[in-house]
Structure formats: C-alpha cells, structure tokens
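Note that the structure is predicted; figures quoted are calculated from it, not measured. In what follows, chains carry the letters A, B, and so on, assigned in the order in which the sequence lines appear, proteins first and then strands, with residues in each chain numbered from 1.
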2 protein chains.
Amino acid sequence: MAADRLGAQRRRRPTRAGTVLSHELIVATAIRLVDLHGSDGLSVRRLGAALGADPSAIYRYFTGTDDLVRAVADSLIGRALDGFVPGPSWRAALAEMGERIYAGCLARPRAAVLTAARVTGRVHEIQAVEVGLGILRGAGFGVAAASRSYHAFIDLTLGYAMLDAAALALSGAGDVAAWGDVYAGLPSGSHPNIAACAGSLEQAMSGSAYASALGFFLDGLTLELERGEKVGGRFGGPENRL
Amino acid sequence: MAADRLGAQRRRRPTRAGTVLSHELIVATAIRLVDLHGSDGLSVRRLGAALGADPSAIYRYFTGTDDLVRAVADSLIGRALDGFVPGPSWRAALAEMGERIYAGCLARPRAAVLTAARVTGRVHEIQAVEVGLGILRGAGFGVAAASRSYHAFIDLTLGYAMLDAAALALSGAGDVAAWGDVYAGLPSGSHPNIAACAGSLEQAMSGSAYASALGFFLDGLTLELERGEKVGGRFGGPENRL
DNA sequence: ACCTGAACACCGTTCAAGT
DNA sequence: ACCTGAACACCGTTCAAGT
C-alpha cells in the first residue's frame with residue numbers, strides 16, 4: 001500500500017526472491033515463525049529463508065538476535081495496547097491495561113515466552129510506561145509512589161503472563177501434562193494434601209490466577225492511596241516531599 | 001562421602017577423565033555452567049567437556065536438554081526450600097516459603113531465567129506443592145480454594161522471581177541499562193510523566209516489588225478466608241460442597 | 001547502498017563401535 | 001553395562017565480494 005512507500009525511507013534493493021526488506025517486515029515474519037514453530041523455530045537462517053533473503057541480510061537491520069527479539073517484544077506491546085485510551089477511573093484504566101497486556105501474551109504464548117522478560121527501550125514500551133505512570137499520577141500518587149507502583153503492576157502482569165504463556169506453549173509437549181499425570185497419581189499416604197486436591201489442582205493449574213491477583217493488587221493500591229490522602233493531601237505520601 | 005556410595009546404585013564405568021557420572025553430578029555441573037556463562041553457556045557439548053566425558057554420555061542419564069533443564073529446576077527448588085518447616089501461622093509460613101523461593105531465584109539469576117517457568121514434576125516440586133497446599137488447608141481453605149490459592153501464590157512468586165532475575169542477569173549487558181539511559185533522557189514535552197519520574201523510575205525498576213505484592217496478596221487471602229468463615233464454617237467456601 | 005556467499009566456530013542428537 | 005566417536009543436520013555471525 002501507500003504506507004509501504006512512505007514507511008521505507010531509503011530505497012532498498014530487492015532480494016533475490018524479490019521482497020524488499022524492512023524492520024517491520026522482518027519483525028512480522030519473526031513473529032509468524034515463532035507462532036508456528038515455537039521460540040526454537042526462530043533462527044536467523046530460517047528467517048532469511050522465510051523472507052526470501054540471505055540470512056546475513058538481517059544484520060543490515062538488527063545488530064543481532066538480541067536486538068531482533070527486543071524489536072519483536074516492542075511490536076507485541078504495541079499491538080496489545082493499540083487504541084488503548086485510559087478512562088476516568090484509574091482503577092478501571094489500570095485493570096484494562098493489565099488485561100490487554102496479559103491477553104496479548106496469551107494470544108501468542110510462544111512469542112510471549114521469548115519476549116515478556118525483556119526491557120525493549122523502544123517506542124511502544126516507552127509509550128506504555130508513559131501512559132501507566134500517567135494513570136497512577138492522575139490517581140494521586142506522587143512520583144516515587146507512582147514509579148514503584150508501576151513497576152509492581154507491570155511485573156505482576158508480565159509475570160503471570162509469562163508463566164501462563166509458558167504453560168500454554170508447552171501444553172501437550174510435556175511440562176503441563178505433569179498436573180494431570182504425576183500429580184493425579186500420588187498416593188495419599190505420602191502426599192495427603194496433593195491427593196486430597198487432585199481434581200481441583202489440575203483445574204486450578206490450567207486456569208489463570210491473574211485476574212484475582214490483579215484484584216488483590218488494585219485493592220492494595222486503593223488502600224495505600226487512601227492512607228496517603230489522609231497523610232499528605234491529594235498528591236500523596238511523604239515521598240512527594242523529597 | 002558415604003552418601004555417594006549409597007546414592008550411586010549401579011556401578012558406573014569411569015569416563016576417560018576418571019569421573020564417575022551421576023544425575024546429581026551432571027545437574028550440579030550444569031548449574032555451575034549456567035552461573036558462569038549464562039543460559040546460552042549451557043550446552044550438551046560444554047557439559048561433556050566440564051564433566052570430562054563425551055557429550056553423548058549425558059543421554060544415558062537424561063532424555064535430552066529439556067529433561068536436564070527440568071532436573072536443574074527441581075534441584076533449585078530443593079535447595080531453596082531445604083530445611084523449611086512451616087510454623088503455626090499460615091500467613092508467616094506462606095510468606096517464608098515465597099521469600100525463600102524468590103531469594104533462591106535471585107541468588108542464581110541466570111539459572112532462574114532458564115527454569116522458573118518450568119513444571120518439573122519431580123520430587124522437590126512435588127514436596128513444595130504438598131507443603132504449600134498443607135499450609136493453605138491448615139489455614140481453613142477447602143480443596144478447591146487451596147488449589148486456586150496455591151496456584152496464584154506460586155505464580156506470583158515465580159513471576160516476580162523470573163522478571164527480577166532476568167533484569168539482574170541482563171544488567172550491564174543491555175536491557176536494564178535502558179532504565180538509566182533511554183528513559184532518563186526523554187524530553188518532558190513528549191513524555192511528561194516519564195520525565196517527571198525519571199529519577200525514581202530507575203530506582204524503582206532496579207528494586208524488587210515482590211515483597212509488597214506478596215503483602216497485598218496475603219491481605220487478599222486473609223479477607224477471603226474471613227468471608228469464607230462467615231459463610232461456610234471453618235472449612236471454607238461453597239466449593240467445599242462439591 | 002544493499003544483498004550474497006563462503007567461512008568459522010559452534011550446536012543437539014543418534015547410533016554403531018568399542019571396552 | 002556404560003562410554004566413545006563419527007556422522008548428520010543444524011546454529012549465529014563476520015567479511016570480502018558482488019551488483
């Protein structure tokens with residue numbers, strides 16, 4: 001489309017296969033590869049083949065695998081938060097932001113496992129931090145409290161997302177079968193609690209605990225905010241003084 | 001020691017270098033490799049070299065890399081909870097269990113990144129689940145609620161552990177420098193919240209949010225328990241009826 | 001200016017052969 | 001019974017050479 005012509009600032013020579021490379025195309029192809037074959041399925045050589053280019057051409061766009069993975073991570077953040085506009089309620093806004101990121105990770109579990117622990121330092125992540133801090137400061141947190149709370153919030157979200165994504169990505173392949181296989185068969189003599197919980201354990205482990213954990217977390221923040229308002233006025237706790 | 005002779009049931013032929021292989025020795029050597037060279041530094045070939053054995057000898061003990069990594073994960077769980085005996089307070093017991101696992105991961109961040117998302121299905125993990133469920137059931141949760149809560153608890157702990165371990169493992173190498181580099185330099189025109197929080201953001205991101213998140217979580221569980229006691233007597237909520 | 005292709009130094013895993 | 005060694009099919013990354 002027209003966007004392609006505008007997006008590609010410099011004119012690229014087409015590859016042998018005729019495709020014109022770009023950061024965006026390489027990232028999109030990488031995501032497709034990971035979705036299809038898992039994170040082990042992403043290699044510079046396969047990526048080259050999928051793009052119809054020599055593998056070494058990728059090093060014109062990214063300094064290496066690490067740089068590429070960070071770009072993938074940032075692209076996924078961008079997709080998850082695309083069109084997100086925080087509403088007036090800070091609690092609802094934070095909840096929506098968390099659920100969008102969580103859902104984005106679970107939608108592409110294999111990519112999430114690869115990227116969820118990375119700090120990208122790129123546009124979409126920066127935008128997310130800006131918006132997240134804005135929500136918290138708007139709620140009444142001072143800069144130190146907002147920074148701390150954002151950190152706790154995003155780690156909570158990415159932590160659950162990564163673990164649940166890992167469980168999903170590996171299901172069938174081995175790991176998660178354990179909950180149905182080894183845990184279901186343990187004798188009540190040696191493992192009374194596991195035996196008692198056998199049925200519900202498997203169910204609990206396959207579901208997600210994020211929603212309830214987020215609820216607890218937001219309750220905690222609300223409480224902190226109320227205490228802060230009593231002590232230090234609308235803009236919060238003592239850290240605001242520093 | 002004597003334990004070695006007892007532990008090694010079958011007699012092993014020593015390798016060319018004279019070492020006698022065992023599951024334990026291979027796992028311990030793998031952990032040492034990861035500590036030293038990061039998770040990329042763990043390879044069957046390097047492991048063979050470190051053990052003084054042909055790489056292919058490892059396949060006599062583990063079905064493949066995956067199996068080995070799960071064994072490493074389980075060994076780390078065992079070390080983290082070694083000697084752990086839950087006290088009478090379920091809240092304190094759960095808190096100690098979480099902090100031990102979290103601390104264990106942060107003590108070996110490179111290994112934690114490799115293993116924290118894995119379900120091992122092995123002795124030490126099973127023991128941890130048994131103890132964790134015991135704490136929650138002892139607190140008064142029914143089997144379904146205990147299963148759900150254990151899941152939420154362990155994912156909270158491992159999620160924060162993995163993210164903080166990843167930050168630690170990569171610090172200097174790139175990722176985390178971003179908080180000091182790119183985020184500190186953003187103009188207040190385009191990113192007012194980040195600019196306002198610049199100083200405290202870097203500090204917040206390098207610290208851990210686990211302790212406070214765990215506090216929120218335990219508060220939530222306490223509340224749930226109190227509600228359950230009102231509704232369903234000592235052994236908890238409606239799920240107990242099923 | 002950008003892509004290619006050969007080269008280097010690695011991987012995991014299998015299986016017949018040794019002891 | 002257990003370890004070895006060659007073999008197979010892969011890796012990431014670099015750099016001179018092509019167009």
For nucleotides 7-16 of chain D, 5' to 3', base contacts (B), sugar-phosphate-only contacts (S) and non-contacts (-) with protein non-hydrogen atoms under 4.0 Å give B---BBBBB-
Just checking, any donor-acceptor pair under 3.5 angstrom between side chains of Asp155(B) and Tyr210(A)?
no
When rounded to whole Å, the CZ to C1' distance for the pair Arg13(B) and dT4(D) reads 8 Å
Phe62(A) atom CZ is separated from dC2(C) atom P, nearest whole Å, by 15 Å
Check for a donor-acceptor pair, side chain of [X] on one end and backbone N or O of [Y] on the other, with a separation under 3.5 Å.
{"X": "Glu125(B)", "Y": "Gly121(B)", "result": "yes"}
{"X": "Tyr160(A)", "Y": "Ala211(A)", "result": "no"}
{"X": "Ser188(A)", "Y": "Ala195(A)", "result": "no"}

Contacts of Phe153(B) meeting ring-ring contact (aromatic ring centres under 6.0 Å, His included) (sequence neighbours excluded), chain-then-number -> none
- Message: For a quick test of reading the model: is some side-chain N or O of Tyr61(A) closer than 4.0 Å to OP1 or OP2 of dA1(C)?
- Response: no
The salt bridge (charged side-chain N to carboxylate O under 4.0 Å, His left out) partners of Glu96(B) (sequence neighbours excluded) come to Arg100(B)
Those residues at least two apart in sequence (or on a different chain) that pass salt bridge (charged side-chain N to carboxylate O under 4.0 Å, His left out) with Asp67(B) are Arg122(B)
Symbol by symbol from the 5' end, with Watson-Crick or G-U pairs under 3.5 Å, [ ] crossing and | another strand, DNA chain C is ||.|||||...|||||.||
Taking atom P in both dA9(C) and dC10(D), compute the distance separating them and give it to the nearest angstrom. 22 Å
Which donor-acceptor pairs under 3.5 Å do the side chains of residues 32-45 of chain B make with protein atoms, sequence neighbours left out?
unit_1	atom_1	unit_2	atom_2	d
Asp35(B)	OD2	Arg108(B)	NE	3.2
Asp35(B)	OD2	Arg108(B)	NH2	2.4
Ser43(B)	OG	Arg46(B)	N	3.0

